[in-house]
Undergrad: 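Before anything else, here's the structure in question.
Everything quoted here is computed from the prediction, not taken from an experiment. Every chain is numbered from 1, with letters handed out A, B, ... down the list of sequences.
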Protein chains: 2
Amino acid sequence: MDASSLPLDRILQGDCIEVMQSLPEKSVDLIFADPPYNLQLEGELWRPNQTRVDGVDDEWDHFTDFAEYDRFTRQWLTACRRVLKDTGTIWVIGTYHNIYRVGTILMDLDFWILNDIVWIKTNPMPNFRGVRFTNAHETLLWAQKIKGARYTFNYQAMKLLNDGKQMRSDWQLPRCVGKERIRVNGLKAHSTQKPEALLYRVILSSTRPGDVVLDPFFGSGTTGAVAKQTHRHWIGIERNPAYVAIAEARIAAVQPPPLHDSLASWENRRTRPRVSFLKLVEKGWLKPGQTLYFDSSARLTATITPEGVLQCNGLTGSIHQVGRELLHAPCNGWLHWYYLDEAAGEKRPIDELRERYLREISAAGT
Amino acid sequence: MDASSLPLDRILQGDCIEVMQSLPEKSVDLIFADPPYNLQLEGELWRPNQTRVDGVDDEWDHFTDFAEYDRFTRQWLTACRRVLKDTGTIWVIGTYHNIYRVGTILMDLDFWILNDIVWIKTNPMPNFRGVRFTNAHETLLWAQKIKGARYTFNYQAMKLLNDGKQMRSDWQLPRCVGKERIRVNGLKAHSTQKPEALLYRVILSSTRPGDVVLDPFFGSGTTGAVAKQTHRHWIGIERNPAYVAIAEARIAAVQPPPLHDSLASWENRRTRPRVSFLKLVEKGWLKPGQTLYFDSSARLTATITPEGVLQCNGLTGSIHQVGRELLHAPCNGWLHWYYLDEAAGEKRPIDELRERYLREISAAGT
DNA sequence: GCCGCGCTTGAATCACGCT
DNA sequence: GAGCGTGATTCAAGCGCGG
């Protein structure tokens, strides 16, 4: 099989080590791997209200000892290394049960760690017995195949995702719950489905549109869904046919938005102009005296001044500053204020006007 | 040297492996270790006898470095294991450069990880070149010497420190800056001085007053300062005489507050005396033959026997055992059974009688 | 339609001391 | 050291229901 025969945008059913060995070498740009954690749970766990916790006891998470887990880890990481392009990078997620062993083996196989990232869960499961600290995070390792090689890092896209400040190594995101969690007959389809927001940061930060993303432990297919959503190619490998079916249906339902007006198109365009809110007033798209609505609320409103700042309950400041006061937290005003679109008769986010402005000046420049 | 000759509240100048080997075994309750990790700059610290071979290729050199670091790590962790009591625990702090190797070796030496904690820095150094995520955290591993052994975790003290909710594995604390940072002639006395708030959580969570805390990489002495402040004994080991002098002066200046009115004192529900249900019958507060009501229900009832156990539908057992049968789940009987208070004409929880009993024996003891 | 309340649930290495 | 009896212990979200 040569590089041209790479099976793109498909799920390959089978053992990930064997399947990867059958793929052409140096052919994928990114690997995201969510391997078994080797949790080693013993006995039952009860909540204080006398209900039982439905823990992870899947067959795929059973290993006899550390040596077997290490051998397995070394094998699949070696296979990953072979299919990665020399400029490629790999992400691996885990908890203290396995991530220290994975990190050591990554280093031993000459991967070069670029960052470790902690996914801080806003809604972790508590420690019901009060005998340890609440396990409220998981760890992601990001490593490049070859130390010193060129790699993709979309600094500006990450900065925009983080309110205009550099993205840090701590990511606060909720667990995968609610509508996003896939259920079959009311039961969770996969015991460890990851949130799409997590994969969104992974894929957006370290690939470009059109790149190939491989996930050797595909599970419910979150990696494929987000890759498709962000206009990346994807390859999934999954042993369990039931998971394959679930992931296929899930990804088929994804309708990617147009590439050009999403963060997904943001490569390292460090020169992307920042837009002053005043520009929108100067364009006449918003007018002094006009009302803006915070988070689409009918009650929280502000008035635009001729200087392009907001007035709200005696408070005057930028869209970010006023938003910050209302939220009592850091605030990217572009993402919180809405204006009344009279033609449509509905509220629209002002961020759409920023995008429109950027398209205009971009068109003028070409 | 036997346990009685443990050199408490002192700094021992020397190589930590040798010094620990000279201490009595199974003698300390807690170890906090902040080991060096930068191989290239600090290699001499852990391989005094090694000579570097010129002309080796990168791969060999690279392997040699990891192997040497691992050997050093295994040596000092083995020495730690020897001096720890069987009920003892150890904390190790590091970054992605070393913590994955440390974690693996900890596990290989049969330490049992209790938690990994991420110290999220509220004021990290930015990534000036914009080529990675801002490195905004460090990792602490907390492990016990022997899996399944009893260990100290002051759950309630931690909960109080965290606004009444259980403490999580993510700790947001600033770096050591400002007045706390020790300076000599305007320069940092130690390049990696840890904040006292970090050690406060470590020591408070996992030791009791009077326990012995050992720090094999004592540096500027933060561990000793916080241990003294919280009425724990401490032992510091440090190679560099300049650091020893700084730490000694620093700790001498610490004035511990009274123990009793701080979180540093140690009391919780787990350690108060257990009450046998029979005691309430002996006191005459409940009588053989009397009826108890489960969860205040009128239907589920039980009869007290002279032996202080319950009879319920042919079932006989303790308040916990019978409750367990009724609930089909683990049950703390104190919180589920009610008795009829004839004077008040209403049902009252039997836990109130336990509280009354505890007050009586507490008053009698003083 | 909105609000508030109650129920459910989650990658979890989840007790401890006395006999 | 094993067995056994006592008894300590939960947070954020989503969802459904009733007012």
Side-chain angles (χ1 to χ4, degrees), chain A residues 34-58 60-61 63 66 93-99 119 121-139 172 174-181 183 186-188 190-195 217 219, chain B residues 87 107 111-116 142-144 147-153 155-156 159 162-169 268-279 308-309 317-324 329-337 350-351 354:
Chain A
D34 183 10
Y37 287 6
N38 193 20
L39 231 38
Q40 305 174 71
L41 301 179
E42 295 171 0
E44 298 188 325
L45 179 62
W46 292 77
R47 299 186 185 83
N49 67 356
Q50 327 278 351
T51 59
R52 206 171 62 83
V53 175
D54 177 23
V56 174
D57 60 349
D58 300 84
W60 45 255
D61 197 37
F63 296 84
F66 287 146
I93 185 168
T95 60
Y96 67 85
H97 310 86
N98 72 324
I99 200 66
W119 166 30
K121 302 178 189 182
T122 56
N123 50 353
M125 191 169 96
N127 186 293
F128 294 117
R129 307 302 294 265
V131 292
R132 301 184 181 187
F133 298 98
T134 304
N135 214 344
H137 73 278
E138 298 194 18
T139 301
Q172 311 218 0
R175 282 183 300 112
C176 179
V177 290
K179 281 185 300 183
E180 188 185 328
R181 188 91 196 207
R183 292 177 187 277
L187 300 173
K188 48 189 174 183
H190 192 283
S191 58
T192 68
Q193 185 182 344
K194 295 291 175 289
F217 304 97
Chain B
T87 54
M107 295 167 96
F111 287 93
W112 187 251
I113 296 182
L114 294 167
N115 277 116
D116 61 348
W142 182 38
Q144 64 177 151
K147 174 185 176 181
R150 178 177 62 73
Y151 60 89
T152 298
F153 177 59
Y155 176 77
Q156 296 295 346
K159 195 169 171 178
N162 191 41
D163 254 7
K165 285 177 291 188
Q166 53 180 212
M167 185 72 82
R168 305 166 27 125
S169 58
N268 64 50
R269 286 178 72 87
R270 275 209 167 90
T271 54
R272 69 183 182 176
R274 294 179 177 205
V275 178
S276 161
F277 178 71
L278 179 58
K279 293 289 182 194
V309 298
S318 71
I319 53 173
H320 313 293
Q321 290 167 332
V322 175
R324 184 179 185 109
C331 172
N332 177 350
W334 290 114
L335 306 181
H336 289 270
W337 292 104
I350 62 171
D351 203 31
R354 177 172 63 154

Undergrad: Counting just side-chain N and O atoms, does B:Ser318 come under 4.0 Å of either OP1 or OP2 of D:dG5?
TA: no
Undergrad: Watson-Crick or G-U wobble partner for C:dT13, using a 3.5 Å limit on both distances?
TA: none
Undergrad: Expressed in angstrom and rounded to an integer, what is the separation of A:Gln50 atom CD from D:dT10 atom P?
TA: 13 Å
Undergrad: Output the single nucleotide from D:dC11, D:dT9, D:dA13 whose closest atom is nearest the side chain of B:Arg270.
TA: D:dT9
Undergrad: Are B:Phe277 and B:Val309 packed together at the side-chain level, in the sense that at least one heavy-atom pair is separated by less than 4.5 angstrom?
TA: no
Undergrad: Could you check which of D:dT9, C:dA12, D:dG7 has an atom nearest any side-chain atom of B:Leu335?
TA: D:dT9
Undergrad: Taking only side-chain nitrogens and oxygens of A:Asn127, does any of them come within less than 4.0 Å of OP1 or OP2 of D:dT9?
TA: no
Undergrad: For D:dA8, take OP1 and OP2 only and decide whether either is under 4.0 Å from a side-chain N or O of B:Arg272.
TA: yes
Undergrad: Examine D:dT10: is either OP1 or OP2 under 4.0 Å from a nitrogen or oxygen in the side chain of B:Lys159? Give yes or no.
TA: yes
Undergrad: Below the 4.0 Å mark, does D:dA8 have OP1 or OP2 next to a side-chain nitrogen or oxygen of B:Arg269?
TA: yes
Undergrad: Just checking, is any N or O donor in the side chain of A:His97 or A:Thr95 under 3.5 Å from an acceptor N or O on the other one?
TA: yes
Undergrad: With a 4.5 Å heavy-atom cut-off, do A:Phe217 and A:Thr192 have their side chains touching?
TA: no
Undergrad: When you measure from the side-chain N and O atoms of B:Gln156 to the phosphate of D:dT9, is any distance below 4.0 Å, counting only OP1 and OP2?
TA: yes
Undergrad: For a quick test of reading the model: is some side-chain N or O of B:Gln166 closer than 4.0 Å to OP1 or OP2 of D:dT9?
TA: no
Undergrad: Can you tell me which residue among A:Trp119, A:Tyr37, A:Tyr96 is in a side chain to side chain donor-acceptor pair (under 3.5 Å) with A:Glu138?
TA: A:Tyr37
Undergrad: Give the nucleotide from the list D:dT10, C:dT9, C:dA12 with an atom nearest to the side chain of A:Thr51.
TA: C:dT9
Undergrad: Of the nucleotides D:dT6, D:dC11, C:dA12, which one has an atom closest to the side chain of B:His320?
TA: D:dT6
Undergrad: So A:Pro35, base contact, sugar-phosphate only, or nothing? Heavy-atom distance under 4.0 Å.
TA: base
Undergrad: Just to be sure I understand the rule, does A:Arg52 reach a base, reach only the sugar-phosphate, or reach nothing, if contact means heavy atoms closer than 4.0 Å?
TA: nothing
Undergrad: Any idea which of D:dT9, D:dA13, C:dT13 is nearest the B:Tyr155 side chain?
TA: D:dT9
Undergrad: Under 4.0 Å from OP1 or OP2 of D:dA8: is there any side-chain N or O of A:Arg47 that close?
TA: no
Undergrad: Name the residue closer to the 5' end of DNA chain D, choosing between B:Cys331 and B:Gly164 according to the nucleotide with the nearest heavy atom.
TA: B:Cys331
Undergrad: Where the side chain of A:His97 is defined as all heavy atoms beyond and including C-beta, which of C:dA12, C:dA11, C:dC14 is the nearest nucleotide?
TA: C:dA12
Undergrad: Under 4.0 angstrom, heavy atoms only, what part of the nucleic acid is B:Pro330 near: base, sugar-phosphate, or nothing?
TA: nothing
Undergrad: Would you say A:Thr134 reaches D:dC11's phosphate, i.e. side-chain N/O to OP1/OP2 under 4.0 Å?
TA: no
Undergrad: From C:dC14, C:dG10, C:dC16, pick the nucleotide closest to the side chain of A:Arg132?
TA: C:dC14
Undergrad: State, with a plain yes or no, whether a side-chain heavy atom of B:Ile350 is found less than 4.5 Å away from one of B:Trp334.
TA: yes
Undergrad: Does a side-chain N or O of B:Arg274 approach OP1 or OP2 of C:dG17 to a distance below 4.0 Å, or not?
TA: no
Undergrad: How close or far is atom P of C:dT9 from atom NE2 of A:His190, stated in whole angstroms?
TA: 19 Å
Undergrad: Is the aromatic ring of B:Trp112 within stacking range of C:dT13, meaning centres under 5.5 angstrom and planes under 30 degrees?
TA: yes
Undergrad: Please state how far atom CG in A:Asn49 lies from atom P in D:dC11, giving the value in whole angstrom units.
TA: 13 Å
Undergrad: If you look at every strand shown and take non-hydrogen atoms under 4.0 Å, does B:Phe277 touch a base, only sugar-phosphate, or nothing?
TA: nothing
Undergrad: For C:dT9 versus D:dT10, give the span between their C1' atoms, rounded off to a whole number of Å.
TA: 12 Å
Undergrad: OP1 or OP2 of D:dA12 less than 4.0 angstrom from a side-chain nitrogen or oxygen of B:Lys165, does that happen here?
TA: yes
Undergrad: Does the gap between the ring centers of B:Tyr151 and B:Trp142 come in under 6.0 Å?
TA: yes
Undergrad: Looking at B:Arg354, I'd like to know whether one of its side-chain N or O atoms comes within less than 4.0 Å of OP1 or OP2 on D:dA8.
TA: yes
Undergrad: Is any side-chain nitrogen or oxygen of A:Lys188 closer than 4.0 Å to OP1 or OP2 of C:dG10?
TA: yes
Undergrad: Using atom P of each nucleotide, how far apart are D:dA8 and C:dT13 to the nearest Å?
TA: 23 Å
Undergrad: Counting only side-chain heavy atoms from C-beta out, which of C:dT13, C:dG10, D:dG7 sits nearest to A:Phe128?
TA: C:dG10
Undergrad: Within the 4.0 Å heavy-atom criterion, would you say A:Glu180 contacts the bases, only the backbone, or no part of the nucleic acid?
TA: nothing
Undergrad: Whole Å only: how far is the CD1 atom of B:Ile319 from the P atom of D:dG7?
TA: 7 Å
Undergrad: With nearest nucleotide decided by heavy atoms, which residue, A:Gln193 or A:Pro126, maps closer to the 5′ end of DNA chain C?
TA: A:Gln193
Undergrad: Of the nucleotides C:dT13, D:dG5, C:dG10, which has the atom closest to the B:Ile113 side chain?
TA: C:dT13
Undergrad: Does atom NZ of A:Lys188 have more than 12 heavy-atom neighbours from other groups under 6.0 Å away?
TA: yes
Undergrad: Let's see if you can work this out: which of C:dT9, D:dG14, D:dA12 has an atom nearest to the side-chain heavy atoms of A:Val177?
TA: D:dG14
Undergrad: Can you check the distance between D:dG16 and C:dG1, where both ends of the measurement are the C1' atom (answer in whole Å)?
TA: 15 Å
Undergrad: Quick one: A:Asn98 CG to C:dT13 P, roughly how many Å, whole number?
TA: 12 Å
